[in-house]
Amino acid sequence: MNTTLDKQNIQQDDFFNSSIYNNEAAQFSKQQLADHMTYQPGMEQLDAQLMQQIITARNNFDYTKYTAADVRQALEREQCTPEDFAALLSPAALPLLEEIAQKAQQQRQRYFGNSVTFFTPLYIANYCENYCIYCGFNSHNKIHRACLNKTQLITEMENIAKTGMQEILILTGESRKMSDIKYIGEACKLARKYFKVIGVEIYPVNSDEYAYLHRCGVDYVTVFQETYNTGKYSRLHLAGPKRIFPYRFNAQERALRGGMRGVGFAALLGLDDFRKDAFATGLHAYYLQKKYPHAEIGLSCPRLRPIINNDKIKPLDVHERQLLQVVCAYRLLLPFASITVSSREYARVRDNLMLICANKISAGVNTGIGGHSHKQELGDEQFTIDDNRSLAQIYADMQRLHLQPVMAEYIYV
């Protein structure tokens, strides 16, 4: 596992995660790789000012300078500022986590009451053209690949709809060749017959393509930037369109230009310094919402998970207290934003986060291709999950916590 590349990076990087590297990645990274900051042909370019603002803020974020007094001052403010947000993410905030959680819970109740919105992910293809060394779908990982046809899509959607679910998030691997925009659009048209709210989490596309998907019935787009450390990003994404950092960064803005009513943001916690990545994620959402005041903002807080052929992957120093700190900080910076906690986390962790600061939860999750029918799972999953509860089970658990399950928060009339 420890290659020359690993040793060099360990010396240069305090947040080097050896659990996601292997010899193949180390050797591949020595090749002449494409510049990760240069757009490829066909990629729509937007103004780089926001991206540079976020990257600069992230790089300059010195969380060791904050004190307990800074954290208390942040908690006293009616409106959290980016500087307050930085203090809430600092190590100085951990001893005050209970007070932070109480304030976050107050904001959650103010904007969402006791409601919890339900959705389920629907993976329709797992072909991928990218070499992202931490992801189970990456093109160098030997897994069973599949892409659902129309009949299989209908079977999946019918099985999900029978559970009472009314919102789905459609996901693919990142391959334009094997799951092109037309294919995704047709899947979304089918989904509109069964569900009231549809999101997509696919490879980034241009504004006109987001407009097409919106016409096909898509309400919102989620894109994980993974890490906002541009240097680390280039070491983790060795090949494929995803390697191009600025194109991915601007995906949410292109989606809004394409008519989407909502966009979601996330860093994959554990790839790099989680405090800096959480800071950049929050700022990205904060400033884009200022630019597009009508946009519905969503945040996710995923941690690294094991994958097929690498069950050793772990998120380093992002433990449950740190996760709670991040999610509470998100809630205080953007009290109106929807915050999702995925099935990557244990049931206990998810339930507690719903009570305190999050408001959206996935249920009845299967990350394989064709897994919802329980008969036709055709392709392997992207990562392993820790909460296997059915929709009915989570629904009942939320009620026991005196939370109100909501199956659809938006209905077209």
Side-chain angles (χ1 to χ4, degrees), residues 118-130 136-137 143-224 241-242 251-252 254-255 258-264 298 340 342 362-382 391 407-408 410-412:
F118 279 61
F119 76 99
T120 200
L122 172 58
Y123 284 78
I124 65 174
N126 64 356
Y127 289 94
C128 194
E129 298 167 8
N130 299 316
F137 284 176
I143 61 172
H144 292 100
R145 307 278 179 177
C147 181
L148 301 182
N149 60 33
K150 182 176 180 179
T151 300
Q152 293 163 338
L153 285 168
I154 291 173
T155 299
E156 286 291 278
M157 292 176 187
E158 286 180 344
N159 276 276
I160 295 171
K162 286 176 184 176
T163 69
M165 188 67 72
Q166 296 182 33
E167 177 177 342
I168 62 165
L169 176 65
I170 293 177
L171 302 97
T172 67
E174 299 201 5
S175 172
R176 278 184 176 268
K177 179 180 178 181
M178 300 304 295
S179 47
D180 63 19
I181 286 296
K182 184 177 179 181
Y183 167 75
I184 297 170
E186 291 302 312
C188 293
K189 290 178 184 177
L190 286 175
R192 183 55 71 187
K193 298 178 181 179
Y194 296 93
F195 307 101
K196 294 176 180 175
V197 182
I198 300 170
V200 293
E201 189 174 318
I202 61 170
Y203 47 86
V205 299
N206 292 339
S207 299
D208 61 334
E209 293 170 305
Y210 282 124
Y212 164 74
L213 292 176
H214 182 57
R215 293 193 298 272
C216 291
V218 179
D219 300 296
Y220 66 90
V221 171
T222 294
V223 180
F224 290 7
K242 188 173 177 178
Q252 287 91 345
R254 294 194 304 274
M260 297 295 176
R261 66 178 176 87
V263 286
T340 299
S342 83
S362 55
V365 174
N366 187 301
T367 64
I369 311 303
H372 285 280
S373 69
H374 304 296
K375 291 190 250 186
Q376 61 166 21
E377 185 161 347
L378 306 172
D380 288 330
E381 64 270 16
Q382 187 177 25
L391 169 59
M407 303 311 294
Y410 193 99
I411 299 174
Y412 286 105

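What you see is a predicted model; the values in this text were computed from it and never measured. If you read the sequence from its start, that first residue is 1, and numbering goes on from there.
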Worksheet item: Just how far is it from atom NZ of Lys196 to atom CD of Gln166, taken to the nearest 0.5 Å?
Response: 4.0 Å
Practice prompt. State whether the side chain of Thr155 and the backbone N or O of Thr151 hold a donor-acceptor pair below 3.5 Å, judged by distance alone.
Written response: yes
Fill in: Ile124 and Leu153: CA distance, side-chain angles, deciding distance, side-chain contact (heavy atoms from CB on, under 4.5 Å) verdict
CA-CA 7 Å; Ile124 65 174; Leu153 285 168; 3.4 Å; yes
Practice prompt. Side-chain contact test, heavy atoms from C-beta onward, threshold under 4.5 Å: evaluate it for Ile181 versus Tyr183 and give yes or no.
Written response: no
Discussion item. Salt bridge check, Asp219 against Arg192: does any charged N sit closer than 4.0 Å to a carboxylate O?
Written reply: yes
Discussion item. To check you understand the geometry: which heavy-atom pair defines the closest contact between Phe119 and Thr340, and what is its length?
Written reply: CE2-CG2, 3.6 Å
Practice prompt. In sequence, state the C-alpha distance, the side-chain angles, and the governing distance for Val197 and Phe195, and then conclude on side-chain contact (heavy atoms from CB on, under 4.5 Å).
Written response: CA-CA 6 Å; Val197 182; Phe195 307 101; over 6 Å; no
Discussion item. Can you tell me which residue among Lys182, Lys189, Glu186 is in a side-chain contact (heavy atoms from CB on, under 4.5 Å) with Cys216?
Written reply: Lys189
Discussion item. Please give me the minimum heavy-atom distance between Val223 and Gln252, naming the atom from each residue.
Written reply: O-NE2, 3.2 Å
Item to complete: Indicate yes or no: at least one non-hydrogen side-chain atom of Leu148 is less than 4.5 angstrom from one of Tyr123.
Response: no
Worksheet entry | Whether Glu129 side chain and Arg176 backbone form a donor-acceptor pair below 3.5 Å | yes
Worksheet entry | pair Ile160-Ile168: side-chain heavy atoms closer than 4.5 Å | yes
Fill in: Residue pair Leu122 / Leu169, side-chain heavy-atom distance below 4.5 Å
no
Worksheet item: Does any donor atom in the side chain of Tyr220 or Glu167 lie under 3.5 Å from an acceptor atom in the other side chain?
Response: yes
Practice prompt. Flag the pair Cys147 / Met178 as yes when at least one side-chain heavy-atom distance between them is below 4.5 Å, and no otherwise.
Written response: no
Worksheet item: Is the backbone N or O of Tyr210 less than 3.5 Å from a side-chain atom of Arg215, with the two atoms forming a donor-acceptor pair by type?
Response: no
Practice prompt. Would you check if Tyr127 and Lys177 make a side-chain contact, meaning some heavy-atom pair closer than 4.5 Å?
Written response: no
Item to complete: Compare every heavy atom of Gly364 with every heavy atom of Thr120, then report the nearest pair and how far apart it is.
Response: OG1-O, 3.4 Å
Worksheet item: So, does Asn206 use its side chain to make a donor-acceptor pair with the main chain of Glu209 at under 3.5 Å?
Response: no
Discussion item. Walk me through whether Leu391 and Met407 qualify under side-chain contact (heavy atoms from CB on, under 4.5 Å).
Written reply: CA-CA 10 Å; Leu391 169 59; Met407 303 311 294; 3.9 Å; yes
Discussion item. Restricting to non-hydrogen atoms, name the atom on His144 and the atom on Asn126 that form the minimum distance, rounded to 0.1 Å.
Written reply: O-ND2, 3.0 Å
Worksheet item: If every non-hydrogen atom of Val218 is compared with every non-hydrogen atom of Cys188, which pair is closest and at what distance?
Response: CG2-SG, 3.4 Å
Worksheet item: Ile170 versus Ile198: any side-chain heavy-atom pair under 4.5 Å?
Response: yes
Worksheet item: Hey, mind stepping through Gln152 and Asn149 against side-chain contact (heavy atoms from CB on, under 4.5 Å) and telling me if it holds?
Response: CA-CA 5 Å; Gln152 293 163 338; Asn149 60 33; 3.2 Å; yes
Discussion item. Counting C-beta onward and ignoring hydrogens, is there a side-chain heavy-atom pair between Glu174 and Pro241 closer than 4.5 Å?
Written reply: no
Worksheet item: Do you know which two heavy atoms are closest between Ser179 and Ile184, and how far apart they sit?
Response: O-CD1, 3.7 Å
Response to the item:
Rounded to the nearest 0.5 Å, the CG atom of Asp208 sits from the OH atom of Tyr212 at a distance of 12.0 Å
Worksheet item: Would you say the side chains of Thr222 and Glu201 form a donor-acceptor pair under 3.5 Å?
Response: no
